[in-house]
J.: 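Before I ask anything, let me first share the structure, which is written out below as structure tokens.
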Amino acid sequence: MENIREVTIQSTYLQEERRLSILLPHASCIQDTYPVVFCADGHDILNMIPVIASGMRTGDVPPVVVVGVHCNVETRAEDYVAGIDSSRFAAHEKFFTTEVFEWVEADLGFTPTRSNCGLFGFSNGGALVIHLSLRHREKFGVVIAFSVSRSPEKIENSEYIREPRPRYYLAAGVQERLFKKNTLRIAKALAKHGIEHLYVERDAGHNY
């Protein structure tokens, strides 16, 4: 069976504890390096881990390390969405991209390379990973963002074309009008500048 770990780390930047839920490949999947996906809303990632683990067992999903970073439900919007509270967003950004990243290197023994390192988030978490991927493009080469919420802090199109450019996988539901509109806007900006991406729509609302 895959190894699922639950840990709590103390954040210097946030001045509070945060939980991590980690999925590790089966011990038989011996590789020098593994793709690592850092995920917002780690409490919800727990619901997805059994599906990912099943895919790894059948070979439909390659061996991957999933790091689900739990949120503080009371400050989720301020932590995740740029432009609501700049100091809170900056503290969470440092926690996510520095403290969690360093914990993975130190505790799990993985040193993620940019080509094998990704971000995943949905809704406000989608907005978070879009911003983090552009601010830390030297670390994250892949961005998976679903149903991206609109942020008060606008991302200029010129930010998407700076090197190195992440690869993007975007998705939205046809029934979630505002989230679909914003996610599609990002996809059009990427297409305009010839940036590698895939955008898909599903017959769904703003739900799992």
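Every value quoted in this text rests on a predicted model; they were computed, and no experiment measured them.
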J.: Quick one: does T183's side chain have a donor or acceptor within less than 3.5 Å of a partner on V148's backbone?
T.: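 Yes, the answer is positive, given that a donor and an acceptor are paired below the 3.5 Å cut-off.
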J.: Shortest non-hydrogen contact from D79 to F89?
T.: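 Heavy atoms of D79 and F89 come nearest at O-CD1, 3.3 Å.
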J.: Quick one: do L119 and L132 satisfy side-chain contact (heavy atoms from CB on, under 4.5 Å)? Show the steps, please.
T.: CA-CA 8 Å; L119 291 164; L132 295 186; 4.0 Å; yes
J.: Using a 4.5 Å cut-off on heavy atoms from C-beta on, say whether the side chain of L170 contacts that of V200.
T.: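 Side-chain contact under 4.5 Å: no.
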J.: Any side-chain heavy-atom pair from I52 and V66 closer than 4.5 angstrom?
T.: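 Result yes, sub-4.5 Å side-chain heavy-atom pair found.
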J.: Identify the two heavy atoms, one from M56 and one from P63, that lie closest to each other, and give their separation to 0.1 Å.
T.: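 Closest heavy-atom pair between M56 and P63: SD-CA, 3.6 Å.
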J.: Any donor-acceptor pair under 3.5 Å linking the side chain of S86 with the backbone of G83?
T.: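 It does not hold such a pair.
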J.: Strictly distance-based, threshold 3.5 Å: is any side-chain N or O of S133 a donor or acceptor partner for the main-chain N or O of V129?
T.: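 Checking the backbone N and O of V129 against the side chain of S133, a donor-acceptor pair under 3.5 Å is found.
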J.: Supply the atom-to-atom distance L190 CG to Y168 OH, rounded to the nearest 0.5 angstrom.
T.: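 Answer for the CG-OH pair, L190 versus Y168, is 6.0 Å.
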J.: Just do the side-chain contact (heavy atoms from CB on, under 4.5 Å) check on L20 and I9 with the steps written out, would you?
T.: CA-CA 8 Å; L20 305 178; I9 63 174; 4.1 Å; yes
J.: To the nearest 0.5 Å, how far apart are OG in S147 and CG in L178?
T.: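 Reported value, rounded in 0.5 Å steps: 11.5 Å.
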J.: Give the intermediate values and the outcome of side-chain hydrogen bond (donor to acceptor under 3.5 Å, both in side chains) for residues E93 and H136.
T.: CA-CA 10 Å; E93 176 182 9; H136 303 273; 2.8 Å; yes
J.: What verdict does the salt bridge (charged side-chain N to carboxylate O under 4.0 Å, His left out) test give for R135 and E153, after you've listed the backbone C-alpha separation in whole Å, the side-chain angles of each residue and the deciding distance to 0.1 Å?
T.: CA-CA 13 Å; R135 296 172 189 252; E153 183 178 305; 2.6 Å; yes
J.: Quick one: list whatever passes ring pair (Phe, Tyr, Trp, His ring centres under 6.0 Å) with F179, sequence neighbours left out.
T.: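 Ring pair (Phe, Tyr, Trp, His ring centres under 6.0 Å) list for F179, sorted by chain: H206.
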J.: Does R165 come within less than 4.0 Å of E138, counting only side-chain N to carboxylate O?
T.: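 Not counted as a salt bridge, because no side-chain N and carboxylate O are separated by less than 4.0 Å.
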J.: State the CG-OG1 distance between L14 and T75, to the nearest 0.5 angstrom.
T.: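 The OG1 atom of T75 is 7.5 Å from CG of L14, to the nearest 0.5 Å.
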J.: Rounded at 0.5 Å granularity, tell me how far CD in E156 sits from NZ in K154.
T.: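 One finds 5.5 Å between CD of E156 and NZ of K154.
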J.: Just one of F95, F96, F38 clears the ring pair (Phe, Tyr, Trp, His ring centres under 6.0 Å) bar with F101, so which one?
T.: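 Checked F95, F96, F38 against F101; only one passes ring pair (Phe, Tyr, Trp, His ring centres under 6.0 Å): F38.
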J.: L23 and side-chain contact (heavy atoms from CB on, under 4.5 Å): which partner among I49, V65, I45?
T.: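 Only match with L23 under side-chain contact (heavy atoms from CB on, under 4.5 Å): I49.
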J.: When you look at NZ of K94, are more than 12 heavy atoms from neighbouring residues, nucleotides or ligands closer to it than 6.0 Å?
T.: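 No, because the 6.0 Å sphere around NZ of K94 holds 12 heavy atoms or fewer from other groups.
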J.: With a 4.5 Å cut-off on side-chain heavy atoms, are N72 and E16 touching?
T.: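 E16 vs N72: side chains touch.
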J.: When rounded to the nearest 0.5 angstrom, what distance separates NE2 in H193 from OG in S158?
T.: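 Separation between the atoms: 8.0 Å.
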J.: Report yes or no: do Y13 and V81 belong to one cluster of Ile/Leu/Val/Met/Phe/Trp/Tyr joined by side chain heavy-atom distances under 4.5 Å?
T.: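 No.
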J.: Do you reckon L198 sits in the same ILVMFWY cluster as V64, going by side-chain contacts under 4.5 Å, direct or chained?
T.: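 Yes.
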J.: Can you find a pair of side-chain heavy atoms, one from P152 and one from I84, that are under 4.5 Å apart?
T.: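 In short, these two side chains touch, coming nearer than 4.5 Å.
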J.: Between L134 and R162, which heavy-atom pair has the shortest distance, and what is it?
T.: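 Nearest heavy atoms, L134 then R162: O-NH2, 3.7 Å.
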J.: At their closest point, which heavy atom of E6 faces which heavy atom of H70, and how far apart are they?
T.: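 That closest heavy-atom pairing would be OE1-NE2, 4.2 Å.
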J.: Minimum heavy-atom separation for D41 and Y80, please, with both atom names.
T.: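 Minimum heavy-atom separation between D41 and Y80: N-OH, 3.0 Å.
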J.: Say you draw a straight line from CG of N182 to OG of S151; how long is it, rounded to the nearest 0.5 Å?
T.: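 Going from CG on N182 over to OG on S151, the span is 7.5 Å.
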J.: Would you call K180-E201 a salt bridge at under 4.0 Å N-O?
T.: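 Answer for the salt bridge query: yes.
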J.: Please determine if E74 and R76 form a salt bridge, counting it only when a charged side-chain N lies under 4.0 Å from a carboxylate O.
T.: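 Salt bridge: no.
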J.: Using the ring pair (Phe, Tyr, Trp, His ring centres under 6.0 Å) rule, pick out the option among F120, Y208, Y199, F122 that qualifies with F146.
T.: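 When ring pair (Phe, Tyr, Trp, His ring centres under 6.0 Å) is applied between F146 and each of F120, Y208, Y199, F122, only F120 qualifies.
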J.: If you define the side chain from C-beta out and look only at heavy atoms, does anything of V37 sit under 4.5 Å from V67?
T.: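 No; the side chains remain at least 4.5 Å from each other.
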J.: Stepwise, does the side-chain hydrogen bond (donor to acceptor under 3.5 Å, both in side chains) test hold for T8 with E17?
T.: CA-CA 6 Å; T8 299; E17 292 183 340; 5.3 Å; no
J.: Taking the side chain as everything from C-beta on, heavy atoms only, tell me whether P166 gets closer than 4.5 Å to R114.
T.: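 Yes, at least one pair of side-chain atoms sits under 4.5 Å.
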J.: So, for R5 and V7, which heavy atoms are closest and what is the spacing to 0.1 Å?
T.: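 Closest approach of R5 to V7: NH2-CG1, 3.9 Å.
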J.: Using only atom types and a distance under 3.5 Å, with no angle test, would you say the side chain of E102 pairs donor to acceptor with the backbone of E99?
T.: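 Pair absent, no side-chain N/O of E102 close to backbone of E99.
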